[in-house]
Amino acid sequence: MKNIFEVLRGPLLTEKGTILKEKDNKVLFNVAKNANKIEIKNAVESIFKVKVERVTTMNYKGKKKRMGKHEGRRPDWKKAIVTLKEGEKLDFIEGV
């Protein structure tokens with residue numbers, strides 16, 4: 001991955017993500033499937049100007065879905081849990 005803006009696809013706004021943000025200073029992101037932990041860390045640090053302590057990633061397989069007799073699949077995707085260092089704060093969704 002060359003461009004840091006291709007690595008991060010967007011934030012994940014979920015109930016679990018909100019709890020993690022409040023308790024453990026962790027933020028959830030939807031990231032590119034072929035991005036590794038180092039690229040994710042560099043992208044978050046350069047875009048949001050914060051220090052990252054740790055990155056954890058998970059791969060998800062897309063589910064099969066049916067619409068009548070037609071069958072399709074949702075896309076596979078990757079989630080990253082980014083732990084920020086003590087004292088760092090990321091407020092890109094505050095006030096929503």
Side-chain angles (χ1 to χ4, degrees):
M1 303 241 67
K2 303 265 190 285
N3 189 357
I4 60 172
F5 295 102
E6 292 175 0
V7 174
L8 297 180
R9 299 237 169 129
L12 288 176
L13 306 175
T14 61
E15 221 175 304
K16 180 180 179 182
T18 307
I19 293 168
L20 285 174
K21 182 178 178 189
E22 293 170 358
K23 280 186 164 184
D24 302 326
N25 204 18
K26 295 181 181 182
V27 184
L28 303 180
F29 287 102
N30 184 359
V31 297
K33 279 189 50 80
N34 57 352
N36 60 32
K37 293 179 181 186
I38 297 168
E39 292 171 340
I40 295 168
K41 178 181 177 180
N42 291 337
V44 171
E45 286 181 345
S46 60
I47 292 172
F48 298 109
K49 307 292 189 259
V50 294
K51 296 290 182 186
V52 174
E53 183 176 329
R54 180 181 182 158
V55 176
T56 307
T57 59
M58 288 157 268
N59 288 309
Y60 289 92
K61 298 282 186 185
K63 296 179 179 180
K64 286 185 181 179
K65 292 293 176 182
R66 291 180 52 95
M67 178 82 63
K69 66 178 181 176
H70 302 287
E71 188 174 286
R73 274 187 66 125
R74 289 186 180 166
D76 298 341
W77 61 288
K78 189 174 194 176
K79 175 169 82 171
I81 300 176
V82 177
T83 305
L84 302 176
K85 289 198 176 182
E86 194 74 29
E88 294 288 333
K89 195 164 81 170
L90 189 58
D91 291 331
F92 59 89
I93 55 170
E94 292 298 320
V96 174

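- Listed by chain and residue number, nothing satisfies the salt bridge (charged side-chain N to carboxylate O under 4.0 Å, His left out) test with K37 (two or more places apart in sequence, or in another chain).
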Can I get a per-line list of side-chain donor-acceptor pairs under 3.5 Å for residues 53-69, giving both atom names and the distance, sequence neighbours left out?
from, atom 1, to, atom 2, distance (Å)
Y60, OH, K79, NZ, 3.3
R66, NH2, G68, O, 2.9

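- Annotation: K33, atom NZ; neighbour count of heavy atoms from other residues, nucleotides and ligands within 6.0 Å is above 12.
- Under the 4.5 Å side-chain contact rule for hydrophobic residues, I38 and V50 do not share a cluster.
- Atoms NZ and CD, on K51 and E86 in that order, are 15.5 Å from each other to the nearest 0.5 Å.
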Next on the checklist: side-chain contact (heavy atoms from CB on, under 4.5 Å), that's the test. Do L84 and F48 meet it? Break it down for me.
Outcome noted: CA-CA 11 Å; L84 302 176; F48 298 109; over 6 Å; no
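- By the 4.5 Å heavy-atom criterion applied to side chains, I4 and N42 are not counted as neighbours.
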Please tabulate, one pair per line, all N/O donor-acceptor pairs under 3.5 Å involving side-chain atoms of residues 22-30, not counting sequence neighbours.
from, atom 1, to, atom 2, distance (Å)
N25, ND2, K85, O, 3.3
N25, ND2, E88, O, 3.1

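- The number of heavy-atom neighbours closer than 6.0 Å to CD of E15, taken from other residues, nucleotides and ligands shown, is 12 or below.
- Nearest heavy atoms, K78 versus A32: CD-O, 3.6 Å.
- Among residues two or more places apart in sequence or in another chain, the side chain to side chain contact (heavy atoms under 4.5 Å, CB included) test is passed with K16 by T14, L20.
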